[in-house]
Amino acid sequence: MSKLTAVQIRQAKPKDKPYKLPDGQGLYFHVAESGKSTWRYRFRVDGKESTCVLGEYPDMSLEQARKARAEAREQVKAGKNPSHERQKEKQAVIEQQKAEQAAAANSFEAVAREWMERQQERWSRSHARAVLGTLERDAFPSLGGCPVDAVTPPMVLELLKSIENRGALEIARKLLQRMNAVFRYAVQSGKATYNPAADMQGVLKSRKVVHRAALSGDELPEFMQALMRADIDIATKLALQFTILTAARSGETRGATWAEISLDAALWRIPGERMKMDSPHTVPLSRQAVAVLERAGRLYGKEGLIFPGRDGVKLLSENTMLYALYRMGYHSRATVHGFRAVFSTMANEKGFDGDVIEKALAHEQRNKVRAAYHRSEYLEQRLELMQWWGNLLQEMEYDVL
């Protein structure tokens with residue numbers, strides 16, 4: 001019969017020697033000299049008397065101790081040693097924790113971050129942020145905690161389809177490409193035996209390619225004269241002229257700063273973080289391009305942005321140059337990016353070397369083997385190309401057709 005009360009337990013204080021307060025049926029409350037109090041159970045198995053600690057007070061209350069005693073008594077009745085059983089339970093918990101830690105270390109997210117760490121030296125910071133952003137937004141929420149070796153093709157397909165269903169086809173394509181690289185690394189490093197993303201070839205929808213509107217070579221003289229006469233903001237006009245003269249992308253021009261320009265060497269050095277392919281790009285400047293820069297310098301100074309927005313500090317907005325084309329009457333007939341196509345077409349027709357033209361456009365070689373043998377900047381050849389282009393555009397401005 002139980003003897004102790006909760007009040008007696010609370011009032012039990014340490015003494016010079018350890019002592020115990022029996023509760024009945026083998027359960028007793030043990031108080032050490034240090035003040036540490038534990039619930040203990042005395043039992044007999046196979047003719048041998050033993051004792052096991054059920055728990056510490058106050059973490060284990062009197063009521064909980066009696067419940068633990070009842071469970072221990074059942075084990076004794078079954079011929080089991082409660083101490084051994086509790087050790088087995090603790091070991092099982094430890095093994096479970098180890099398994100969970102191992103699974104966490106080999107989760108898709110952990111392996112993906114490890115893969116990214118190994119790419120840092122050859123990636124620009126902007127590209128690394130873009131890759132991580134894609135994974136964090138679209139892959140980690142559903143697959144991040146899953147062991148990398150447990151991810152199946154249907155799981156990958158379900159994820160990609162969910163992204164496609166929101167109309168983000170390009171994101172789905174990039175995510176598949178990056179997941180494929182992660183799984184390939186997992187296989188190579190022994191963390192997985194199979195790449196489930198490799199079976200996704202052909203499952204993604206393809207977006208119909210819409211080519212940007214571009215003028216023909218025959219239409220270019222009329223446009224250049226219209227641009228010279230256009231009643232548009234002078235910074236926008238100069239930015240358009242410079243973009244066309246350098247065959248640059250609009251974003252490269254909008255973000256151009258005087259720190260990137262060497263007027264003496266007639267070079268524009270664009271850092272990798274501002275380039276589409278994350279590689280630095282040097283643009284030889286024609287005399288006409290330098291003249292545009294000189295005029296912008298006289299108007300806005302030669303510090304900070306070359307072609308500032310209306311407040312003189314912020315970048316021109318993304319659509320400023322495009323809307324200027326609209327006001328000139330070229331809606332649906334021309335885009336800023338389309339002048340790169342005009343440049344490429346006319347330069348190829350003129351007979352300039354294709355590799356030189358591609359380098360001028362900052363196009364990376366898709367063939368990696370070929371790219372390894374074509375690392376030349378072709379600066380002299382590109383200066384000749386860009387001066388030919390500048391001369392041609394200048395003639396178009398002043399020719400009466």
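Heavy atoms only: backbone and side chains are in, while hydrogens, waters and symmetry mates are out. All residue numbers in this chain count up from 1 along the given sequence. All values reported here derive from a predicted model rather than from experimental measurement.
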Margin query: A side-chain contact here means heavy atoms from C-beta on lying under 4.5 Å apart; do Leu215 and Phe339 qualify?
Written below: yes
Check: Distance from Ser50 atom OG to His84 atom NE2, nearest 0.5 Å?
Finding: 7.0 Å
Note to self: Would you say CG of Asp59 has more than 12 non-hydrogen atoms from neighbouring residues, nucleotides or ligands within 6.0 angstrom?
What the structure shows: yes
Notebook entry, point to check: Mind checking whether Phe223 and Tyr330 have parallel, tilted or perpendicular rings, split at 30° and 60°?
Noted result: perpendicular
Notebook entry, point to check: Are Tyr28 and Asp23 close enough that some pair of their side-chain heavy atoms sits under 4.5 Å apart?
Noted result: no
Item checked: Distance, nearest 0.5 Å, that separates CG of Leu21 from CD1 of Ile9 -> 6.0 Å
Checklist line | Validation row: Pro196, Thr152 side chains within 4.5 angstrom (heavy atoms) | finding: no
Checklist line | Sole candidate of Arg129, Gln177, Arg178 that passes side chain to side chain donor-acceptor pair (under 3.5 Å) when paired with Thr134 | finding: Arg178
Margin query: Can you tell whether the side chains of Glu164 and Lys161 come within less than 4.0 Å, N to carboxylate O?
Written below: yes
Notebook entry, point to check: About how many Å separate CE of Met224 and CG of Leu240, when rounded to the nearest 0.5 Å?
Noted result: 9.5 Å
Next item on the list: Take the angle between the ring planes of Tyr41 and Phe43 and call it parallel below 30°, perpendicular above 60°, tilted in between.
Entry: parallel
Note to self: Atom OH of residue position Tyr323 - does it have more than 12 heavy atoms of other residues, nucleotides or ligands inside 6.0 Å?
What the structure shows: no
Margin query: Quick check on salt bridge (charged side-chain N to carboxylate O under 4.0 Å, His left out): which of Arg274, Arg269, Lys302 does Glu260 satisfy it with?
Written below: Arg274
Check: Does a donor on one side chain sit under 3.5 Å from an acceptor on the other, for Asn391 and Gln288?
Finding: yes
Check: Does a side-chain heavy-atom distance below 4.5 Å link Glu33 with Pro18?
Finding: yes
Check: Would you say Arg295 has more than 12 foreign heavy atoms packed within less than 6.0 Å of its CZ?
Finding: no
Notebook entry, point to check: CZ/Arg42 to CD/Glu49 distance, rounded to the nearest 0.5 angstrom?
Noted result: 5.5 Å
Next item on the list: Would you please classify the geometry between the Phe140 ring and the Phe108 ring as parallel, tilted or perpendicular, with 30° and 60° separating the classes?
Entry: perpendicular
Notebook entry, point to check: Do you know which two heavy atoms are closest between Ala360 and Met386, and how far apart they sit?
Noted result: CB-SD, 4.4 Å
Next item on the list: For the pair Phe307 and Phe242, name the ring-plane relationship: parallel under 30°, tilted 30 to 60°, perpendicular over 60°.
Entry: tilted
Margin query: If I take atom OG1 from residue Thr257 and atom CG from residue Leu315, how far apart are they, to the nearest 0.5 angstrom?
Written below: 10.0 Å
Margin query: To the closest 0.5 Å, what do you measure between CE (Met346) and CG (Asp218)?
Written below: 8.0 Å
Check: Between Arg113 and Glu109, is there a salt bridge with N-O shorter than 4.0 Å?
Finding: yes
Notebook entry, point to check: Can Lys77 and Glu74 be counted as an ion pair, charged N to O under 4.0 angstrom?
Noted result: yes
Note to self: Does atom CD (Glu63) have a neighbourhood of more than 12 heavy atoms from anything else shown, all under 6.0 Å?
What the structure shows: no
Check: For Ser317 and Thr320, does a side-chain donor sit closer than 3.5 Å to a side-chain acceptor?
Finding: yes
Note to self: Could you check whether any side-chain heavy atom of Leu393 comes within less than 4.5 Å of a side-chain heavy atom of Phe343, counting everything from C-beta outward?
What the structure shows: no
Next item on the list: Can you label the angle between the Trp39 ring and the Tyr57 ring as parallel, tilted or perpendicular, going by 30° and 60°?
Entry: perpendicular
Next item on the list: Going by the side chain to side chain contact (heavy atoms under 4.5 Å, CB included) test, name the single residue among Thr38, Val53, Leu54 that passes it with Met60.
Entry: Leu54
Notebook entry, point to check: Would the number of heavy atoms belonging to other residues, nucleotides or ligands and lying under 6.0 Å from CD of Gln8 be above 12?
Noted result: yes
